[in-house]
Amino acid sequence: MIHNISYRVFVHGTENEEKVLEALNTIFPYASPERELTEGYHKNKVIIFHQKFTKKKEIKNFLENLKELEPDSRNNIIDNLEKKMDDHGNLFLRFSKQDAFSNKWKIVEHGDSIHTRIKFAAYPAKKEGALKLARELFD
C-alpha cells in the first residue's frame, strides 16, 4: 500500500535544535535524520533534517498513529486529499512542530512544520489509484 514515507523539517536560528528533534520523534519515533546545514534568505543558519522510511515496521507504526489523529486533522486530510496529493501518488502532509513537541499530531497548512511525503504503491503510479488507497486508509 505504501512504498515509502519521508520527512523534512527546518530548524531556524531562533529555534532550539533539540526541541525540534523531540517534536520530530513524536511523529517519527524511528527517526535518525540526516542533518544538512544551509543558509536562510537573510544569511541566517538553517538546519534541515530529512529521512526516508522504507521498512514495513516503520511505515506501519506511522500509519497506525496517523489513523488515530484528532477528528479535525483527520477530516482536514480527508476533505483535502485531492489537493494534498500530486499526480504521482504522493500525499503531502504538514504536522505542527509546536503540537508535536507537546506530543500531539496536528495537521497544519503553514510552512514552519514537519513536511511529510507518503508515496502510495498504486499501479500505475497515478493519482486516481493512490487516492483510492488513501481513502481506504482513512475509512
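- Across all non-hydrogen atoms, the minimal contact from E15 to V11 is OE1-CA, 3.4 Å.
- More than 12 heavy atoms of other shown residues, nucleotides or ligands fall within 6.0 angstrom of atom NZ in K119.
- Checked by atom type and distance alone, the side chain of K106 never pairs as donor or acceptor with a backbone atom of D72 at under 3.5 Å.
- E58 and K52 are not joined by a salt bridge, as no carboxylate oxygen comes within less than 4.0 angstrom of a charged side-chain nitrogen.
- One hydrophobic cluster, built from ILVMFWY side chains closer than 4.5 Å, holds both F62 and L81.
- Distance check, rounded to the nearest 0.5 Å: CD1 of I2 to OG1 of T54 gives 13.0 Å.
- Criterion: ILVMFWY side-chain heavy atoms under 4.5 Å apart, direct or through other members. Under it, L21 and L37 are part of a common hydrophobic cluster.
- Residues F95 and V108 fail the side-chain proximity criterion, which asks for heavy atoms closer than 4.5 Å.
- Although no hydrogens or angles enter the test, the distance criterion places a donor-acceptor pair under 3.5 Å between the side chain of Q51 and the main chain of S32.
- Side-chain heavy atoms closer than 4.5 Å link hydrophobic residues (I, L, V, M, F, W, Y) into clusters, and following such links, even through other members, never connects I48 to F92.
- With salt bridges taken as basic N to acidic carboxylate O contacts below 4.0 Å, one links R35 and E17.
- Counting heavy atoms from C-beta on, the side chains of I59 and H3 never come closer than 4.5 Å.
- Other residues, nucleotides and ligands place more than 12 heavy atoms under 6.0 Å from the CD atom of Q98.
- K97 contributes a side-chain N or O that, together with a main-chain N or O of F10, makes up a donor-acceptor pair within less than 3.5 Å.
- Interatomic distance, OG of S96 versus CD1 of I114, reported as 8.0 Å (0.5 Å rounding).
- Once rounded to the nearest 0.5 Å, the distance linking NZ of K60 with CG of L63 reads 10.0 Å.
- Atom-to-atom distance recorded for H115:NE2 and H50:NE2 is 13.5 Å, nearest 0.5 angstrom.
- Proximity of a side-chain donor or acceptor of S113 to a complementary backbone N or O of H110 within less than 3.5 Å is detected.
- In this structure, V20 and F101 have side chains that are not in contact, with every pair of non-hydrogen atoms separated by 4.5 Å or more.
- The backbone N or O of R94 lies less than 3.5 Å from no partner atom in the side chain of K84, so there is not a single donor-acceptor pair.
- In terms of heavy-atom proximity, A23 sits nearest to A100 at O-CB, 3.4 Å.
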Handout entry: Residue pair F138, L66: steps toward the side chain to side chain contact (heavy atoms under 4.5 Å, CB included) verdict
Key = CA-CA 9 Å; F138 291 103; L66 187 63; 3.8 Å; yes
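- For F28 and Y7, the gap between ring centers is short of 6.0 Å.
- F120 places a side-chain heavy atom less than 4.5 Å from the side chain of L137.
- With a 6.0 Å radius and a threshold of 12 heavy atoms from other residues, nucleotides or ligands, H12 has its NE2 atom above the threshold.
- Judged purely by atom type and a 3.5 angstrom limit, R74 has no side-chain atom pairing as donor or acceptor with the backbone of E68.
- Smallest separation of non-hydrogen atoms from W105 and S73: O-OG, 4.2 Å.
- Within the model, atoms CG of L69 and CD1 of I77 stand 5.0 Å from one another, a figure rounded to the nearest 0.5 Å.
- In this structure, L133 and M1 approach most closely via the heavy-atom pair O-CE, 3.3 Å.
- Side chains of Y30 and F53 form a contact here, defined as non-hydrogen atoms less than 4.5 Å apart.
- The two atoms that bring A122 and A130 nearest to each other are CB-N, 3.6 Å, heavy atoms only.
- The distance from the CE atom of M85 to the CG atom of L93 is 9.0 Å, given to the nearest 0.5 Å.
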